[in-house]
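Comments concern the structure below.
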Amino acid sequence: MENITNYIQQNKDRFINELIELLKIPSVSADSAYSQDVIDTSEAVKRSLEKAGCDKVEICETDGYPIVYAEKIIDPNLPTVLVYGHYDVQPPDPMELWTSPPFEPVIKKTAIHPEGAIFARGACDDKGQMYMHIKAFEYMIQSKTLPCNVKFMIEGEEEVGSVNLKSFVENNAAKLKNDVILISDTGMISNQQPSITTGLRGLSYVEVEVTGPNRDLHSGLYGGAVANPINILSKMIASLHDENNRITIPGFYDKVEELSLKERAEMAKAPFDIEEYKKALDLNEVYGEEGYVTNERNAIRPTLDVNGIWGGYTGQGAKTVIPSKAFAKISMRLVPNQDWEEITQLFTTHFTAIAPAAVTVKVTPHHGGQGYVTPINSIGYQAANKAYTETFGIPAIPVRSGGSIPIVSLFEKELKSKTILMGFGLDSDAIHSPNEHFGIFNYLKGIETIPLFYKYFVELSK
Ligand code: BES
Ligand code: MN
Ligand code: MN
């Protein structure tokens, strides 16, 4: 049996075509119009796990979309790796900004991906990265090199908060028992510099509704005499940050983990070019909390951002109206030790308190989750680092990410195991955005690196 690089060379067109077929199914979990497609995708994932060589493959029904569970147990005395990923994707809108349709994958070359990248919703987040694990597993089965037991748990509700996965994990701790959890659903610094994600931020996501008069009013007849809920909401939102861009909610920073200057100096060693960063986003200047640099602001500091705001008339032309209601969706990214439920409560109390008597305010919490940090001296981290060192020729750098995968902290709590985040995406891959893509280099490098993680994890566990 050939080695992994030969195997990839011989099978790469098939690997790419299989992923393209998976990307054609629009598994948008947030929009019920796609519900049959989400279910169809779970079936496709099930078939691919069967074909790759799992013994037991199940569709586990939940109150929402199914969880695909599979395993290959070769010897109960050997370690077990649990692979987690998600087959659902974000909504594709705004459609008009895609250069090719989101569910008709095409390969295009870019400056960062000279060997081509697959453009499609979910290419990087997370179908492409999840599928690398199935192909790496296929290789280990074919070459008879699988060194331990494997369990797969691929869910269809990550992009909407993993609500049903939570109870599935709580109720199936024995079935999911493992020695390490492996996830590819994050990024790395660049194709020349691998990194391992050692931290994820937590999240509290809320929706607010501000009501003024009981109906829309003529803005001439009533303007100036009643509260305009859009004006009020804007003012309230603006007051949530002070002149140093710190969040003004009382108690918000109380539990925030403060990193030592030594740890911050360590973080600053990761290669990063602020000029390139600004250029890539067409920004004249970056913006954020006083006293912290960009890579701290987006990783070790908590944030509060409006994700959407609406109300009143937004159609063509002008309509003179004072709306009855205004709305906003607000996310808070949290750092270690901040509890998302407590933060949601602090937000609700504060936001209600700052509302003038002329309006009423309703706060509706959506989903949330705790942050995560993992040490770099674990066997799992060391195994991942050895794997990257071998396939990239240089060691990986530990990096805390600003994104969230809330289920990771629950895994630690319920399954008592550490998660290793071996991400192969790039920040420029436009996840959650039009023209999402995943480099062919990254896809194949992932397939090449993953079997080495298994090998070194088992070796180091002895
Ligand atoms: N894969 C992302 C999270 C991510 C991406 C972490 C890149 C680190 C680097 C995941 O699918 C995601 O989008 N998570 C959501 C949270 C979820 C509760 C909707 C997020 O971070 O907004
Ligand atoms: Mn993801
Ligand atoms: Mn996502």
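Atoms within a ligand are numbered from 1 in the order they appear, just like the ligands themselves.
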Quick check: [X] and ligand 1, any N/O pair under 3.5 Å apart?
X: E158; answer: yes
X: Q90; answer: no
X: S404; answer: yes

Which bit of [X] is near ligand 1, meaning a heavy atom under 4.0 Å away: side chain, backbone, both or neither?
X: S401; answer: side chain
X: R333; answer: side chain
X: D125; answer: side chain
X: P406; answer: side chain
X: H432; answer: side chain

To check your reading of the site, what angle at the Mn ion (ligand 3) do OE1 of E159 and OD2 of D125 form, to 10°?
150°

Which atom of F347 lies closest to which atom of I330, heavy atoms considered:
CZ-CD1, 3.8 Å

For F392, is the NZ or CZ atom of K445 found under 6.0 angstrom from the centre of its six-membered ring and inside 45 degrees of the ring axis?
yes

Would K72 pass as a cation-pi partner of F137, given that its NZ or CZ must be under 6.0 Å from the six-membered ring centre and within 45 degrees of the axis?
no

Need the ligand 1 atom indices (1-based, order shown) with element for anything under 4.0 Å from a heavy-atom of [X].
X: H367; answer: 18 (C)
X: H86; answer: 11 (O)
X: I431; answer: 5 (C), 7 (C)

Residues [X] and [Y] bridged, charged N to O under 4.0 Å:
X: E18; Y: K51; result: no
X: E390; Y: K386; result: no
X: K278; Y: E275; result: yes
X: E115; Y: K109; result: no

More than 12 heavy atoms of other groups within 6.0 Å of K413 NZ
no

Side-chain donor-acceptor pair under 3.5 Å between Y139 and E448, yes or no?
no

Assess the pair F411 and Y84: is the distance between their ring centroids shorter than 6.0 Å?
yes

Is the distance from the Mn ion (ligand 3) to some N, O or S atom of H432 under 2.8 Å?
yes

Under 2.8 Å from the Mn ion (ligand 2), is there an N/O/S atom belonging to D185?
yes

Which residue owns the protein heavy atom closest to atom 6 (C) of ligand 1, what's the atom, and how far is it?
G403 CA, 3.7 Å

Protein contact to atom 4 (C) of ligand 1 [nearest heavy atom, distance to 0.1 Å]:
D185 O, 3.6 Å

